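Structure, as structure tokens:
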2 protein chains.
Amino acid sequence: MKVTKQKKLEAKGWKVGSVTDFLDLSEEESAYIELKLSLSHSLKEHRSKKKLSQIEVAKIVKTSQSRVAKMEAGDPSVSIDLLIKSLLALGASSKDLAKAIA
Amino acid sequence: MKVTKQKKLEAKGWKVGSVTDFLDLSEEESAYIELKLSLSHSLKEHRSKKKLSQIEVAKIVKTSQSRVAKMEAGDPSVSIDLLIKSLLALGASSKDLAKAIA
DNA sequence: TGTTAATATGTCAGATATGACATATTATTT
DNA sequence: AAATAATATGTCATATCTGACATATTAACA
């Protein structure tokens, strides 16, 4: 991972592995983060396509507007579980999910 | 969802939606569960292919044998996050994941 | 068969994610 | 520009997930 990219992620609140295990973790760690960002992006896409506000999505998904914002922002406090549950709630199919993360 | 299937899932420890929102939730709920089971299955596949014991996988993934067993069993206490992190740790690519859940 | 390795199941204290709220920032509309 | 809607950010109590441990069950094999 480039240092610039790492800083960018850290700035967003990601705790990237310490220098010690930098090389060990970076590959799967970055794969995991990119996966999450793909789902975030896909969620935003689905919302746009349906022309819904974050509040409306929050209703559908049974969460709050602020958490929807965090989901779309790829905040480290949101789990892949929540992203996937939300996408399914918005009508995404498993094939949609597969396409998003491939 | 068939009642028989629901009972089977409940027997495994899944809390399936109450009767009230049965129809509402069942579709995305079952999609979510099936997704998780797909990943569980994929994890077991990866382990088999590498001929590793659950203890060895636990070392690699930095967890315990019992949690690996639960992951493979599709236990409701394991998150999709953990399944995905584990798969990545075993060398799965994002395309592998996409294929698993499609 | 008895011994041993592998996997499964139950439990729990600590760690992480969650919804909700307040409030800040940024678009959009009048 | 002012008002209003939409989105973003910070925080926190509660809920859920986690690794670890003990122990049960099952598989493999001498």
Side-chain angles (χ1 to χ4, degrees), chain A residues 8-18 25 29 32-33 35-37 39-41 43-90, chain B residues 8-18 21 25 28-29 32-33 35-37 39-41 43-90:
Chain A
K8 211 171 158 189
L9 288 170
E10 283 175 350
K12 276 196 167 187
W14 290 96
K15 276 184 200 162
V16 176
S18 68
L25 293 184
E29 200 171 34
Y32 172 77
I33 292 175
L35 194 59
K36 230 164 116 169
L37 293 180
L39 293 171
S40 295
H41 187 253
L43 183 66
K44 198 162 191 172
E45 288 263 293
H46 271 78
R47 182 168 72 86
S48 295
K49 190 170 278 178
K50 295 194 156 196
K51 302 202 175 173
L52 299 170
S53 69
Q54 291 183 345
I55 291 180
E56 292 172 304
V57 169
K59 280 255 169 63
I60 295 169
V61 176
K62 286 169 186 162
T63 180
S64 59
Q65 176 271 323
S66 56
R67 193 135 295 275
V68 173
K70 279 160 193 165
M71 284 194 241
E72 290 185 356
D75 190 284
S77 83
V78 337
S79 70
I80 288 185
D81 286 70
L82 185 61
L83 285 165
I84 285 181
K85 281 180 184 170
S86 301
L87 279 161
L88 292 174
L90 289 190
Chain B
K8 210 172 157 191
L9 288 170
E10 283 176 350
K12 276 198 166 187
W14 290 95
K15 275 184 200 160
V16 176
S18 67
D21 44 25
L25 292 185
E28 75 188 73
E29 201 170 33
Y32 171 77
I33 292 174
L35 195 58
K36 230 165 118 169
L37 293 179
L39 293 171
S40 296
H41 187 253
L43 182 66
K44 198 163 190 171
E45 288 263 294
H46 272 78
R47 181 167 73 85
S48 295
K49 190 171 278 175
K50 296 194 156 197
K51 302 200 175 174
L52 298 170
S53 69
Q54 290 184 345
I55 290 181
E56 291 172 305
V57 169
K59 280 254 168 64
I60 295 170
V61 176
K62 286 167 186 164
T63 180
S64 59
Q65 176 270 324
S66 56
R67 193 134 296 275
V68 173
K70 277 159 194 167
M71 285 194 241
E72 290 185 357
D75 190 285
S77 82
V78 337
S79 69
I80 287 184
D81 287 70
L82 185 61
L83 284 165
I84 285 180
K85 282 180 183 169
S86 301
L87 279 161
L88 293 174
L90 288 191

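Computed from heavy atoms alone, side chains included, the values below leave out hydrogens, waters and symmetry copies. Just so it is clear, the structure is predicted and the values come from calculations on it, not from any experiment.
In this structure, B:Leu82 atom CG and D:dG19 atom P are separated by 5 Å, rounded to whole Å. Rounded to whole Å, the distance from CE on A:Met71 to P on D:dT7 is 13 Å. Protein atom CG of A:Leu43 is 15 Å distant from nucleotide atom C1' of D:dA8, rounded to whole Å. In this structure, A:Asp81 places its CG atom 11 Å from P of C:dG19, rounding to the nearest Å. Rounded to an integer number of Å, the gap from NZ of B:Lys51 to C1' of D:dA28 is 15 Å. Computed from coordinates, the A:Lys85 NZ to D:dC17 P distance equals 7 Å when rounded to whole Å. Atom pair A:Lys59:NZ and D:dT7:C1' shows a separation of 16 Å (rounding to whole Å applied). Taking atom CD1 on B:Ile55 and atom P on C:dA5, their separation rounds to 10 Å, with Å as the unit.
Closest to the side chain of B:Ser77, out of D:dT18, C:dG19, D:dA20, is D:dT18. Ranking C:dA17, D:dT7, C:dA20 by closeness to the A:Ser53 side chain, first place goes to D:dT7. The side chain of B:Ser66 sits closest to C:dT9 out of D:dT7, C:dT9, D:dG10. Nearest to the side chain of B:Lys44, among D:dT18, C:dA8, D:dT9, sits C:dA8.
Residue contacts for A:Ser64: at a heavy-atom cut-off of 4.0 Å it reaches a base atom on one of the strands shown. Using a 4.0 Å heavy-atom distance criterion, A:Ser79 is classed as a sugar-phosphate-only contact. A:Val78 comes within 4.0 angstrom of the backbone, heavy atoms only, and of no base.
Nearer the 5' end of DNA chain C, as judged by each residue's closest nucleotide, is the contact made by B:Arg47, out of B:Arg47 and B:Arg67. Judged by closest nucleotide on DNA chain D, A:Val68 is the one of A:Val68 and B:Val61 placed further toward the 5' end. Map A:Lys36 and B:Ala69 each onto its nearest nucleotide of DNA chain C; the residue landing nearer the 5' end is B:Ala69.
The base of C:dA8 sits with one of its N or O atoms less than 3.5 Å from a complementary donor or acceptor on the side chain of B:Gln65. At a cut-off of 3.5 angstrom, the base of C:dG19 holds no donor-acceptor pair with the side chain of A:Lys70.
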Pair A:Lys85-A:Val61, side chain to side chain contact (heavy atoms under 4.5 Å, CB included): steps then yes or no: CA-CA 8 Å; A:Lys85 281 180 184 170; A:Val61 176; 6.0 Å; no
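With hydrogens and angles disregarded, a donor-acceptor distance shorter than 3.5 Å links the side chain of B:Lys36 to the backbone of B:Val78. A donor-acceptor contact shorter than 3.5 Å links the side chain of B:Ser40 to the backbone of B:Met71. Within the 3.5 Å criterion, the main-chain N or O of A:Ser77 finds no donor-acceptor partner in the side chain of A:Lys70.
Counting only heavy atoms from C-beta outward, the side chains of A:Leu90 and A:Ser86 never approach each other to under 4.5 Å.
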